[in-house]
J.: 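Submitted below is the structure of interest, expressed as structure tokens.
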Amino acid sequence: MADAVDDALATGRHLLIQAGTGTGKSLGYLAPTLVRLARSRERIVIATATLALQSQLADNDIPAALDAVQKVTGRRPKHAVLKGRTNYACLLRVRDGSETDQSTLISAADLASTITPKASPESALGAEVLALREWAEEEATSGGVADRDGAPSHTDRGWQQVSIPVRECLGAQRCPFGDECFVEKSREAARSADLVVTNHALLAINAMHGGTALPEHSAVIIDEAHELVARVTGAASAELTPAQIERVARRAMVHLDDDVALDLLESAETLRGALEGAPLERVENAASAFVEGCATVRDAARTAVSKMSGGDEKADGERRQAAAAVKEVFDVAERMAALHSTDVVWVSESERMGRAARVAPLSVAGLMRSAVFGEATIVLTSATLKLGGEFTPMAASVGLRAAERDDSTAEPESSVRDTDGPDTDEAAPVRWRALDVGSPFDYGRQGILYLTRSMPAPGRDGMPAEVLAEIAELVWAAGGRTLGLFSSRRAAEAAAVHVRKQLPQQTVLCQGDAQLSELTRRFVAEEQTSLFGTLSLWQGIDVPGATCSLVIIDRVPFPRPDEPLTLARQRAVAEAGGNGFMSVAATHAALLLAQGAGRLIRRTDDKGVVAVLDPRLATARYGSFLRASMPPMWQTSDRETVVQALRRLSGQA
């Protein structure tokens, strides 16, 4: 892996490199990267999927690698961490909270009144905000950068009191505390560093905004690259709700004429009516009431922004921030009203938020191709870059074409066409190669993939009794020690209730019983305990050893068949001549199956079973594509063989 990364950095040829769990991916790319930086004057960026991985690299992996590089080369490259603006405390909010949005934030004067002897939610929030403000002042005094990871314990709502959205930032030149700004400090550190550690979201923002979020760089190494498309899509998506517009309108009222403010406030009600009358699906009719509602919001917001511009912006920071919030409403409403062919606009509904308008890019392949691969040398690495046994699906999703692949390893013809819809325009070739460096694990000896053929196919009427009985028997055979990965919260809860009833001696934890971090801690600490949950467990848990001897997957994790973005992407691929189902739905399921099955074997001495209780994995035509995406375990459909293997592992046989 180190040789391949070194070659990519030297030749400028992009690289997709699959390195199985336990390979030591971070060392595999850090060693050649840091050696190169020690010998040349350039800057390289590492982008991870999450802030937690970012911190692990910056605090553990990079310092250890730097020690070794310094011994060998005599030079120690500088590294810095760069996060999005909302991950840093804002001194304007910290020191002058009374000038913030009173509908969502607590002013300095109000803090004292919220802290009462009674343990009410508001008193807890007030104490939390005071602690965060004191911490931010200490960071300012000591020259720190006050990012969220180092903050005192807090909730999301508490953090909102001391951070600021990107749109509302006054900028270092206008802000009275610009000289002390934590964001500016972090950016200055990044500009003087050889290695910058960031995340996928900031990489996406940099691509969308002309390279303004990151300092100049010659290469980017993207870790956990299987999540890249989803996170870029998220960064390029937006939503609009009537409640959001009303909050912004009330905040802007003090800076607007009554008529203008009232028009903006009433536009929220117009959108509410349009949302209530719209079906929960993609919007494609430009003459619909929904589009008219978005246009009403757009026009009202445009007038408000115009009225709030000008004047002494430095003296009136709150007016400028309120104007920025209105401008964001305008931008989103304008995008939705336009119904661009490159966007998917739809209406959604949730218990917490009610109805909302949403917009997302139909594809991010064109953006990735031009603004990421077209600007620097890119290395993508993950344990799951090959789907269906091939690199083509993942490459196509980021705008790379099979015909541009340079290495001589030819992949077999795939049912997944090398297309990602209309966003991949003709351009100069983007040369790339791909490599699978394998895994240190002997999956064929360490793991069993149980493919049930006798279970009923999944439906919408809840989990069948046969599947519940199978889950209980498998958990019994494993003596607990089970990670249950379910397609929905309802399915996880139903399985937990059934197993608790059938096996009262077993401890079964279920997502929602407590904070996920606490449930995970207990699962790790209590060897015979089982943990059932949904999507956050498919990729976000690492439990080596006997604690996890059985992974149960209740059904193939296809996206919802009525999900508007999925449907739109499938249709776009089909219209371009590809197989929409295989390119979108099956590829999505393959990625999650690979990640879910990968929870089982985390060390060379781990052993166990992955049981997929969906017969389609064994019997459907697309089943071979899905199975080829999973770790190459020994496969069987014989229940008794699996039960006896689990009993031996648990010491019961």
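Owing to the predicted nature of the structure, the values given are computational and were not obtained by experimental measurement.
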J.: Would you confirm whether the ring centroid of F558 sits within less than 6.0 angstrom of the ring centroid of F581?
T.: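 For F581 and F558, the ring centres are under 6.0 Å apart.
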J.: What's the separation between atom NZ in K185 and atom CD in E139, rounded to the nearest 0.5 Å?
T.: 8.0 Å
J.: In the structure I gave you, are the side-chain heavy atoms of L240 and V329 within less than 4.5 Å of one another anywhere?
T.: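 Answer yes - side chains close enough.
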J.: Treating Q511 as the side-chain partner and T534 as the backbone partner, does any N or O pair qualify as donor plus acceptor under 3.5 Å?
T.: yes
J.: Under the criterion side-chain contact (heavy atoms from CB on, under 4.5 Å), which of L362, L228, V364 is the partner of T233?
T.: V364
J.: Residues in side chain to side chain contact (heavy atoms under 4.5 Å, CB included) with E266, at least two apart?
T.: L262, D263
J.: Taking all non-hydrogen atoms of both residues into account, name the closest pair between A236 and P361 and its distance.
T.: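 Smallest interatomic distance, heavy atoms only, reads O-CD, 3.6 Å.
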J.: Tell me the closest heavy-atom pair linking A396 and A365, and the distance in Å.
T.: O-CB, 3.9 Å
J.: Can a donor-acceptor pair be found, under 3.5 Å and without considering hydrogens, that links the side chain of R320 to the backbone of C169?
T.: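 Indeed, once roles are kept as given, a pair shorter than 3.5 Å links the two residues.
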J.: Going by an N to O cut-off under 4.0 Å, is there a salt bridge joining E180 and R95?
T.: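 Answer for the salt bridge query: yes.
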J.: Quick one: side chain to side chain contact (heavy atoms under 4.5 Å, CB included) partners of D257, sequence neighbours excluded?
T.: V260
J.: Test of understanding: with salt bridge (Lys or Arg N to Asp or Glu O under 4.0 Å), list the residues that count as partners of E276, not counting sequence neighbours.
T.: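 For E276, no residue satisfies salt bridge (Lys or Arg N to Asp or Glu O under 4.0 Å) once neighbours in sequence are set aside.
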J.: Taking only residues two or more places apart in sequence or in another chain, which ones pass side chain to side chain contact (heavy atoms under 4.5 Å, CB included) with R167?
T.: A324, K327, E328, D331
J.: So, are E318 and R251 salt-bridged, with charged N and O less than 4.0 Å apart?
T.: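 Salt bridge: yes.
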J.: Does the R319 side chain pair with the main chain of M308, one donor and one acceptor, at a distance under 3.5 Å?
T.: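 Checking the backbone N and O of M308 against the side chain of R319, a donor-acceptor pair under 3.5 Å is found.
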J.: Before giving the answer on side chain to side chain contact (heavy atoms under 4.5 Å, CB included), spell out for H200 and V232 the whole-Å C-alpha distance, their side-chain angles and the decisive distance to 0.1 Å.
T.: CA-CA 7 Å; H200 293 179; V232 173; 5.6 Å; no
J.: Is there side-chain contact between I245 and L271, with heavy atoms separated by less than 4.5 Å?
T.: yes
J.: Assess the residue pair R571 and E575 against the criterion (salt bridge (charged side-chain N to carboxylate O under 4.0 Å, His left out)); give the C-alpha distance rounded to whole Å, side-chain angles, the decisive distance to 0.1 Å, and a yes or no.
T.: CA-CA 6 Å; R571 190 174 78 182; E575 290 174 351; 3.8 Å; yes
J.: Output yes when E246 and R272 qualify as a salt bridge under the 4.0 Å nitrogen-oxygen rule, no when they do not.
T.: yes
J.: Taking it one step at a time, do V372 and V220 satisfy side chain to side chain contact (heavy atoms under 4.5 Å, CB included)?
T.: CA-CA 9 Å; V372 178; V220 182; 5.7 Å; no
J.: How far apart are the closest heavy atoms of S487 and R555, and which atoms are they?
T.: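 So the minimum-distance heavy-atom pair works out to OG-CD, 2.9 Å.
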J.: For residues A151 and L132, report the shortest heavy-atom separation together with the two atoms involved.
T.: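 That would be CB-CD2, 3.8 Å.
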J.: Would you check, one step at a time, whether the test side chain to side chain contact (heavy atoms under 4.5 Å, CB included) holds for D513 with L519?
T.: CA-CA 8 Å; D513 291 345; L519 296 176; 4.2 Å; yes
J.: Set out, in order, the CA-CA distance, both residues' side-chain angles and the distance that settles side chain to side chain contact (heavy atoms under 4.5 Å, CB included) for H217 and V196, then state yes or no.
T.: CA-CA 9 Å; H217 51 273; V196 177; over 6 Å; no
J.: Answer whether the closest heavy-atom distance between the side chains of K83 and D149 falls below 4.5 Å.
T.: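 Touching, per the 4.5 Å side-chain cut-off.
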J.: Of all heavy-atom pairs between P176 and L170, which one has the smallest distance, and what is that distance?
T.: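 Taking every non-hydrogen atom into account, CD-CD1, 4.4 Å.
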J.: Mind checking the OG1-CG spacing from T520 to L537? Nearest 0.5 Å is all I need.
T.: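 Interatomic distance, T520 OG1 to L537 CG, rounded to 0.5 Å: 6.0 Å.
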J.: Are R369 and E375 within salt-bridge range, i.e. N to O under 4.0 Å?
T.: no
J.: Would you verify whether the NZ or CZ of R148 falls within 45 degrees of the ring axis of Y88 while also being under 6.0 Å from that six-membered ring's centre?
T.: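 R148 over Y88 ring: no.
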J.: Can you confirm whether the side chains of S348 and R358 place a donor and an acceptor under 3.5 Å from each other?
T.: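 Indeed, the side chains of S348 and R358 share at least one donor-acceptor pair under 3.5 Å.
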J.: Just checking, is any N or O donor in the side chain of E224 or T48 under 3.5 Å from an acceptor N or O on the other one?
T.: no
J.: With a cut-off of 6.0 Å (strictly less than), are more than 12 heavy atoms of other residues, nucleotides or ligands near CD of E349?
T.: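 Yes - once you tally the heavy atoms of other residues, nucleotides and ligands closer than 6.0 Å, there are more than 12.
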J.: If we only count heavy atoms from C-beta on, is the N87 to S163 side-chain gap below 4.5 Å?
T.: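 Sidechains of S163 and N87: no contact.
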J.: Using a 4.5 Å cut-off on heavy atoms from C-beta on, say whether the side chain of T241 contacts that of M353.
T.: yes
J.: May I ask you to test the N199-T50 pair for a side-chain heavy-atom distance under 4.5 Å?
T.: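 No, side chains not in contact.
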J.: What residue pairs, at least two apart or across chains, pass ring pair (Phe, Tyr, Trp, His ring centres under 6.0 Å) with a residue in residues 235-254?
T.: none
J.: With sequence neighbours excluded, what pairs up with D258 under the salt bridge (Lys or Arg N to Asp or Glu O under 4.0 Å) test?
T.: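 Checked D258 against salt bridge (Lys or Arg N to Asp or Glu O under 4.0 Å); zero matches.
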J.: Side-chain contact, heavy-atom cut-off 4.5 Å: V291 with N285?
T.: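 Counting from C-beta outward, V291 and N285 never come under 4.5 Å.
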J.: Return the minimal non-hydrogen interatomic distance between A238 and M336, and the atom names on each side.
T.: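 So the two residues come closest at O-CE, 4.1 Å.
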J.: CG/L256 to OG1/T303 distance, rounded to the nearest 0.5 angstrom?
T.: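 Here the interatomic distance stands at 10.0 Å.
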